[in-house]
Amino acid sequence: MYPISYEADFNPEPNRWTTFFRLILAIPWMIVGYFWILLFYVGVFLAWLLVTILGRYPQWLYDFNAGVVRFTTRFSAWMYLQTDEWPPFGLSDDPSYPIRVNIAPPAARQSRLKAFFRHLLALPVLFVYSYGTALITSVAAVVAWLTIVFRGYLPQGINDMFTYTHSFQARVLGYAALLTDDYPPIGLERAKDIPAAAPAPPSQPQPPAAPAV
């Protein structure tokens, strides 16, 4: 299992009014997020230095950078209409919130070489996110906004699309922030495979009934 995972509770009937004014309502979170992101840039640079030199990620710095990844993903999921619940302003984990970004504890040791070249290695997935999944999220958000405001429900397919794009966002941000050395997978999210049941043996033909005497 990848060390950064994403879970979202599906709400098929969001509030029409908070959906209609979502961009205006999101302004306070945008302001707070601006300062978190500024500190995040500093935190990622410190992490790059420390992991490259020491081969490990200090717990306090790991918690902060992981918290910003969590805040950014929760806010994105709310702003783009996957959830109707107001997101927390803080960085700590909240299992009761319908959007959950689960981040594994830091590894005892990390690769100095992978850390040194991290931002170069992250370019392909950053490109895919910026020009692929971000576009998909924007299109899905427009469809979600129109459907919720005029029909009063969020389609399951749009929710599934959000789950894919936001989970990919969390993985890419976490990888760029050196939270893991594992390269984020690119591909659609899908349910865990369930082994198919063994086919039933073919029925044996029954012998013809004996004629009545």
Side-chain angles (χ1 to χ4, degrees), residues 4-44 63-103 122 125-177 179 184 188-189:
I4 300 173
S5 63
Y6 177 90
E7 298 176 350
D9 297 336
F10 178 43
N11 177 17
E13 297 180 357
N15 184 285
R16 295 189 183 195
W17 287 108
T18 59
T19 297
F20 186 84
F21 293 106
R22 185 60 52 91
L23 289 178
I24 298 176
L25 296 173
I27 291 175
W29 281 267
M30 292 179 183
I31 296 173
V32 172
Y34 175 78
F35 290 102
W36 283 138
I37 291 298
L38 287 179
L39 294 174
F40 182 67
Y41 288 144
V42 177
V44 171
D63 292 341
F64 174 77
N65 288 339
V68 178
V69 171
R70 189 177 293 115
F71 169 87
T72 303
T73 308
R74 287 189 302 217
F75 169 68
S76 179
W78 174 73
M79 188 179 72
Y80 285 101
L81 307 175
Q82 188 174 20
T83 182
D84 219 23
E85 298 290 332
W86 305 94
F89 284 101
L91 308 180
S92 60
D93 189 21
D94 184 359
S96 65
Y97 189 68
I99 304 296
R100 295 172 294 279
V101 182
N102 304 310
I103 301 175
V125 287
L126 287 171
F127 180 85
V128 171
Y129 172 72
S130 299
Y131 296 98
T133 54
L135 177 61
I136 294 173
T137 304
S138 300
V139 172
V142 172
V143 175
W145 189 88
L146 292 172
T147 308
I148 294 169
V149 170
F150 293 103
R151 302 290 300 276
Y153 75 97
L154 175 66
Q156 176 74 59
I158 296 297
N159 181 74
D160 294 341
M161 195 176 298
F162 282 144
T163 297
Y164 162 65
T165 57
H166 291 134
S167 63
F168 187 67
Q169 171 187 324
R171 293 195 296 254
V172 170
L173 287 176
Y175 179 74
L179 299 180
L188 292 174
E189 299 293 315

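The chain is numbered in sequence order, starting from 1. All values below were derived from every heavy atom in this structure, side-chain atoms included, with hydrogens, water molecules and symmetry-related copies excluded. On a predicted model such as this, the values are computed, not experimentally measured, just so you know.
The backbone N or O of Thr133 lies less than 3.5 Å from a partner atom in the side chain of Thr137, making a donor-acceptor pair. Ser167 places a side-chain N or O within donor-acceptor distance of the main-chain N or O of Tyr164, the cut-off being under 3.5 Å. A distance-only check finds a donor-acceptor pair linking the side chain of Arg70 to the backbone of Leu91 [under 3.5 Å]. In terms of modelled atom types and a separation under 3.5 Å, the side chain of Trp36 and the main chain of Phe89 share a donor-acceptor contact. Within the 3.5 Å criterion, the main-chain N or O of Glu85 finds a donor-acceptor partner in the side chain of Tyr97.
Contact record, Met161 with Ala140: SD-CB, 3.8 Å, taken as the closest heavy-atom pair. Nearest heavy-atom pair, Ile4 versus Gly174, reported as atom, atom and distance to 0.1 Å: CD1-CA, 3.6 Å. Thr73 approaches Ala170 most closely through the heavy-atom pair OG1-CB, 3.6 Å. The minimum heavy-atom distance linking Gln169 with Ser76 is given by the pair OE1-OG, 3.3 Å. Between Leu81 and Leu154, the closest heavy-atom pair is O-CD2, 3.9 Å. Leu179 and Ala66 get closest at one heavy-atom pair: CD1-CA, 3.8 Å.
Atom CD1 in Ile31 sits 7.0 Å away from atom CD1 in Ile27 (nearest 0.5 Å). In this structure, CZ in Arg74 is found 11.0 Å from OH in Tyr6, a value given to the nearest 0.5 Å. Residue Gln82 holds its CD atom at 10.5 Å from CG of Asn11, rounded to the nearest 0.5 Å. Considering CD1 of Ile24 and OG1 of Thr18, their distance stands at 12.5 Å, rounded to 0.5 Å. The distance from atom OH of Tyr80 to atom OG1 of Thr165, rounded to the nearest 0.5 Å, is 9.5 Å. Here Phe71 contributes atom CZ and Trp29 contributes atom CH2; the two are 9.0 Å apart, rounded to the nearest 0.5 Å.
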Stepwise side chain to side chain contact (heavy atoms under 4.5 Å, CB included) check, Leu146 with Val142: CA-CA 6 Å; Leu146 292 172; Val142 172; 4.1 Å; yes
Audit row: Phe168, Val128, side chain to side chain contact (heavy atoms under 4.5 Å, CB included) steps and yes/no: CA-CA 10 Å; Phe168 187 67; Val128 171; 4.0 Å; yes
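Contact of the Phe162 side chain with the Ile158 side chain is registered, since non-hydrogen atoms from C-beta on lie closer than 4.5 Å. You'll find the side chain of Thr83 stays beyond 4.5 Å of the side chain of Asp9, heavy atoms only. No side-chain heavy atom of Thr72 sits under 4.5 Å from any side-chain heavy atom of Phe40. The closest side-chain heavy-atom distance from Trp86 to Leu25 is below 4.5 Å.
Under 4.0 Å is where a charged nitrogen must lie from a carboxylate oxygen, and between Arg100 and Asp93 no such pair does. The pair Asp84-Arg22 meets the salt-bridge criterion, with a side-chain N (NZ, NE, NH1 or NH2) lying under 4.0 Å from an Asp/Glu carboxylate O.
Annotation: Gln156, atom CD; neighbour count of heavy atoms from other residues, nucleotides and ligands within 6.0 Å is above 12. Atom OH of Tyr41 has 12 or fewer neighbouring heavy atoms from other residues, nucleotides or ligands inside a 6.0 Å radius.
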